[in-house]
Enquirer: 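The structure under discussion is supplied below as structure tokens; questions concerning it will follow.
All heavy atoms count here, side chains included; hydrogens, waters and symmetry mates do not. Worth saying up front: this structure is predicted, and the values here are computed from it rather than measured.
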Amino acid sequence: MVYFRLKDLIKAIRRTKTAADERAVIQKESASIRTSFREENAETRYHNISKLLYIHMLGYPAHFGQIDCLKLVSSPHFGDKRLGYLGTMLLIDENQEVLTLLTNSLQNDLNHSNVNIVGLALCTLGNVASEDIAKDLVDEVERLMENPNAYLRRKAALCAIRLIRKAPELEEAFMLRAKSLIADKNHGVMLTGITLMIELCTQNPDNISSLSSIVPTLVSRLRTLVASGFSPEHDVGGLTDPFLQVKILRLLRILGEDNPDAVESMSDILTQVATSTDSAKNVGNSILYETVLTIMETDSDNSLRVLAINILGRFLTNRDNNIRYVALNTLNKTAIIDMNAVQRHRETVVACLRDPDISIRRRALELSFALINDSNVRVMIRELLSFLEVSETEFKQGLSSKIRISADRYAPNKRWHIDTLLRVLKLAGNYVGEEIVSGFIGLVCRTPELQPYIVRKLFVELKSDISQEGLVLAGVWCIGEFGDILVQNGESESGEEVEKISEANVIDLFETILNSPYANHTLREYMTTAFMKLADRFQDPSVIPRIQSNIRKFSTSMEVEVQQRAVEYQNLFNHDEIRNAVFERMPMPQNRETIPSPVEKQKSRGKRRVVLEPKEGDLLLDLLGDDMPTSPVSSQSTSTLPKTVDLLADIFGSTNISTPALATGFNGVSSPPSASVSTENGLMNSLGGTPLSPTNSNEVTSTIASASASNPSSPLPNNDTCIAYNKNGLRIDMSATKDSQNPKIINIKINFVNTSEFGLEDLVFQVAVPKTQRLQMQPPSSTSIPAEETATQLMRIANPQQTSIRLRMKVGFHTTNGDKVDEVAEFSGFPDSLIN
């Protein structure tokens, strides 16, 4: 059945019971409409297009009606034109060639005597015009912006906005017209004119300077709106045209950026708006919010900024969730600009952590961390720990990580720092990341004076709760490492004797943890090593059989790593002469660099950072990652080096810390090689008499052994000097020769030449070589190079396979004028005679 009227088609579709029935009705009606289009039946075209648009709204194909929509547009009747333009906007887009047939109709209608038809043409032109059509009809739109009819001026301004987005080069045609719209008495025309100016500034920031002359006019208009009395035509919630006020404030914000004169001229009106606008209703809050943004994003004086932040503080007490969310979001951005003013609302921000709305809690949490500083860290962390205790699971991991970062940055003392991290492990131990556990362990190792207090407190906490994985891992590691301190007599903070913990009590606790349902693979790995450390540290012979019994159980574990360690540890009980050395105290780990706060990031933006991007397909791409330390490493902190060596060894697939596959030279190391025991011994073994690995051939072993006999500090004969790096005021010259006793060893003398007029300080030089080679670096002569002075360093490369020598270098230094350079470069320009 074919339905002639749209109402009948809608009723038939609503009567269908299934999707298949609906499709059948649509298909029959679509076939009827196609037939009518082919017959060129002008009498039914209007009804067919209306039904076709309804079919299109339901999601069915309707593209076959495009030409008939254009035919309706050319009709002299207003009803046909209106439906034709509607169909054109729905069925045709700017990328279809059929749209070019519309150009003539649009041009005729833009010159029509009926303002409603002109309005239809402007609306269609703005929505579907292509770039070519926009250029053809831009003159008509520009002419209509001066039409006496306010309706057409508004429509033309809105159409101009769309045309600029499609063809930005048309912006010059609308610049003068946009300025004239600002002086219009009609609020609608003024609103569209300001919107057009905002679009012009957004598309091309160069237009801001040419439009800055209208700031006094905008200020005058805004003052009139604020001071005017009741106007029934423009009143919204007791305020005169808040939409126009918001647009004016938005344009003032754009024009006032980096323009002190404009900011000065708008300061008075911004103060007036901020103090006189009623915030009891939402329309007033919208104006106040826009005022705050204008103040904060321009170079306003401090009193205005304080006023703006106080407005946001009032927003935080509003019952509307949207207003509180907006205030928190804006304060997050404002905290970088004026931290002291935001600090006054700290209590209100903390109170938002208990808001039922999760979005507000998230924003309040971000702002709370931004407000932490040296003076309020105790109070803020206490509040955040209280929130951590009652927060949802999804909050715990991120919240605990941020508390750790804040504690690392602002801790008033070590005792508070340790207690805070311990509290985090206790409250969110199952959700904390590995970095929190390792950070806590590192802090304990670096605080020997508090180790008795820490291990005793960990023992007490584990006695009461072993359900938190992070707490258990940290406790097992620390008790295993400092078990001898735990069982010693101690005194409390008041000087009284504390209850002594026996060695058997410690073993009982460990066995309880192992037999609990919370024991997992990671914990058993920790436990295996902790038991062996306690066997070395405890003096009571009665606990040793218990320790051996527990390790014997691990030797039949289904977990390969645990079983392997247990078997190795069992054998160590038969070698007391080396067991003590294997399980001696771990070296003090490197102090983790804290992440800079947003305020610190803002202050450091002016510092220069030079980075050379590696080329695609580089064979040495992964040898030195971007996360390698760029600051000098002190040779006095020997505990930092094993971790570095282990990491670098893993890059080359080696797990032997004593024979690393890669050596790095830190120019901050100025002491003899023997000062860095773990690293230097490993490097000496790599180039000395010790084999690189059990699978090394005798040839490689003898090659490296003979190389160690030569003196690396002796003069290098027949040097071929190459410039490996020359940039940023530093030139690195390398003189390479074959070793006199073994041609497979290359001796390289490095000269750091300061070619700038400023001194270089904290020089860091790291080198990586391919896997087929081994590297040894001696400490440099100096890490500070005055202007036009030099420093030297010696380097040796074992090249048993005689492959090409390629170096991946990481260079970092500070200049005395405050610049910082951190760059990665490569060099492979050594002469071929070195490998022949």
Enquirer: Quick one: does any side-chain atom of Asn754 pair with a main-chain N or O of Pro786 as donor and acceptor, under 3.5 Å?
Expert: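 Confirmed, Asn754 side chain pairs with Pro786 backbone.
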Enquirer: Where do Thr529 and Trp477 land on the side chain to side chain contact (heavy atoms under 4.5 Å, CB included) test, with the steps shown first?
Expert: CA-CA 8 Å; Thr529 304; Trp477 195 97; over 6 Å; no
Enquirer: A quick test of your reading: do over 12 heavy atoms of other residues, nucleotides or ligands sit less than 6.0 Å from CG of Asp258?
Expert: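 Result for CG/Asp258: open.
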Enquirer: Is any side-chain heavy atom of Glu469 closer than 4.5 Å to a side-chain heavy atom of Tyr431?
Expert: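 No. Closest side-chain heavy atoms not under 4.5 Å.
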Enquirer: Report the distance from atom CD of Gln451 to atom CZ of Arg446, rounding to the nearest 0.5 Å.
Expert: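 Result: 11.5 Å between the selected atoms.
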Enquirer: Would you say Lys810 and Val764 make side-chain contact, with heavy atoms under 4.5 Å?
Expert: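 No, too far: nothing below the 4.5 Å cut-off.
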Enquirer: Apply the test salt bridge (charged side-chain N to carboxylate O under 4.0 Å, His left out) to residues Asp733 and Arg731: give CA-CA distance (whole Å), side-chain angles for both, the deciding distance (0.1 Å), then the verdict.
Expert: CA-CA 6 Å; Asp733 299 335; Arg731 190 179 80 240; 3.1 Å; yes
Enquirer: Just verifying a value: how many Å separate Gln564 CD and Glu525 CD, rounded to the nearest 0.5 Å?
Expert: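 Going from the CD atom of Gln564 to the CD atom of Glu525 covers 10.5 Å.
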Enquirer: Using a 3.5 Å distance criterion without hydrogens, assess whether the side chain of Glu481 forms a donor-acceptor pair with backbone atoms of Met586.
Expert: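 Confirmed, Glu481 side chain pairs with Met586 backbone.
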Enquirer: Determine whether Ile748 and Phe830 make a side-chain contact, defined as any pair of heavy atoms from C-beta on separated by less than 4.5 Å.
Expert: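 In contact.
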Enquirer: Just verifying a value: how many Å separate Leu572 CG and Glu568 CD, rounded to the nearest 0.5 Å?
Expert: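 So the gap between those two atoms works out to 8.0 Å.
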Enquirer: Where do Ser406 and Ile372 come nearest, in terms of heavy atoms and distance?
Expert: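 Residues Ser406 and Ile372, closest heavy atoms: OG-CD1, 3.7 Å.
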Enquirer: Is the shortest heavy-atom distance from the side chain of Ile254 to the side chain of Ile208 under 4.5 Å?
Expert: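 Of all side-chain heavy-atom pairs linking Ile208 with Ile254, at least one is under 4.5 Å.
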Enquirer: For a side-chain contact (heavy atoms from CB on, under 4.5 Å) with Phe440, tell me which candidate from Val424, Leu473, Ile454 qualifies.
Expert: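 So the option named by the test is Ile454.
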Enquirer: Taking the side chain as every heavy atom from C-beta outward, state whether Val769 and Leu807 have any atom pair closer than 4.5 Å.
Expert: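 Contact flag for Val769/Leu807 side chains = yes.
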Enquirer: Assess whether salt bridge (charged side-chain N to carboxylate O under 4.0 Å, His left out) is satisfied between Glu366 and Arg362, documenting all intermediate values.
Expert: CA-CA 6 Å; Glu366 292 178 7; Arg362 288 185 187 278; over 6 Å; no
Enquirer: Of all the heavy-atom pairs spanning Ser756 and Ala787, show the shortest one and how long it is.
Expert: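 For Ser756 and Ala787, the tightest heavy-atom pair comes out as O-CB, 3.5 Å.
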Enquirer: Leu794 versus Gln776: any side-chain heavy-atom pair under 4.5 Å?
Expert: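 No, every pair of side-chain atoms sits at 4.5 Å or beyond.
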Enquirer: Please test Leu450 against Val444 for side chain to side chain contact (heavy atoms under 4.5 Å, CB included), starting from the C-alpha separation and ending with a verdict.
Expert: CA-CA 8 Å; Leu450 292 177; Val444 173; over 6 Å; no
Enquirer: For Lys744, does its backbone N or O pair with a side-chain atom of Gln802 as donor and acceptor, under 3.5 Å?
Expert: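 No, because the side chain of Gln802 does not come within donor-acceptor range (under 3.5 Å) of the backbone of Lys744.
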Enquirer: Can you measure from CG (Asn373) to CE (Met339) and round to the nearest 0.5 angstrom?
Expert: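 It comes to 7.0 Å.
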Enquirer: When you look at CG of Asp299, are more than 12 heavy atoms from neighbouring residues, nucleotides or ligands closer to it than 6.0 Å?
Expert: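 Open.
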Enquirer: Mind listing the closest non-hydrogen atom pair of Gly829 and Cys722 along with its distance?
Expert: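 Nearest heavy atoms, Gly829 then Cys722: O-SG, 3.6 Å.
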Enquirer: How close do Ile441 and Cys478 get, heavy atom to heavy atom, and via which atoms?
Expert: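 The answer is CG1-SG, 4.5 Å.
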Enquirer: Could you report the tightest heavy-atom contact between Gln563 and Ser557, atom names first, then the distance?
Expert: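 Minimum heavy-atom separation between Gln563 and Ser557: NE2-O, 2.8 Å.
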Enquirer: Is any side-chain heavy atom of Arg579 closer than 4.5 Å to one of Met532?
Expert: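 Counting from C-beta outward, Met532 and Arg579 do come under 4.5 Å.
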Enquirer: Tell me, with the steps shown, if Val472 and Tyr526 meet side chain to side chain contact (heavy atoms under 4.5 Å, CB included).
Expert: CA-CA 10 Å; Val472 175; Tyr526 273 63; over 6 Å; no
Enquirer: Between CD of Glu559 and CG of Asn520, what distance do you get to the nearest 0.5 Å?
Expert: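 Taking CD in Glu559 and CG in Asn520, the distance rounds to 8.5 Å.
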Enquirer: Okay, side chain of Ser438, backbone of Glu435: is any donor-acceptor separation there less than 3.5 Å?
Expert: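 Pair found, side chain donor or acceptor close to backbone of Glu435.
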Enquirer: Rounded to the nearest 0.5 Å, what separation is found between the CD1 atom of Ile746 and the CG atom of Leu775?
Expert: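 Ile746 CD1 to Leu775 CG: 12.5 Å, rounded to 0.5 Å.
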Enquirer: Identify the residue among Ile405, Val377, Ile381 that makes a side-chain contact (heavy atoms from CB on, under 4.5 Å) with Tyr410.
Expert: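 Running side-chain contact (heavy atoms from CB on, under 4.5 Å) over Ile405, Val377, Ile381 with Tyr410 returns exactly one hit, Val377.
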Enquirer: Say whether, by atom type as modelled, one donor and one acceptor occur between the side chain of Thr792 and the main chain of Asn751 under 3.5 angstrom.
Expert: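 Not at all, since once roles are kept as given, no pair shorter than 3.5 Å links the two residues.
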Enquirer: Would you say the side chain of Ile436 lies within less than 4.5 Å of the side chain of Ser400, judging by non-hydrogen atoms?
Expert: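 Touching, per the 4.5 Å side-chain cut-off.
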Enquirer: What heavy-atom pair brings Ala407 and Thr420 nearest, and what distance separates the two atoms?
Expert: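 Closest approach of Ala407 to Thr420: CB-CG2, 4.3 Å.
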Enquirer: Carefully, step by step, assess Ile745 and Ile797 under the rule side chain to side chain contact (heavy atoms under 4.5 Å, CB included).
Expert: CA-CA 6 Å; Ile745 298 297; Ile797 298 176; over 6 Å; no
Enquirer: Under a 3.5 Å distance rule, please check whether Asn799 uses its side chain to pair with a backbone N or O of Gln773 as donor and acceptor.
Expert: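 Absent.
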Enquirer: Using side-chain contact (heavy atoms from CB on, under 4.5 Å) as the criterion, list what pairs up with Leu365, not counting sequence neighbours.
Expert: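 Partners of Leu365 by the side-chain contact (heavy atoms from CB on, under 4.5 Å) criterion, ordered by chain and then number, come out as Leu353, Phe369, Leu384, Phe387, Phe395, Leu399.
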Enquirer: Would you say Gln778's side chain and Gln793's backbone share a donor-acceptor pair under 3.5 angstrom?
Expert: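 Such a contact is absent between Gln778 side chain and Gln793 backbone.
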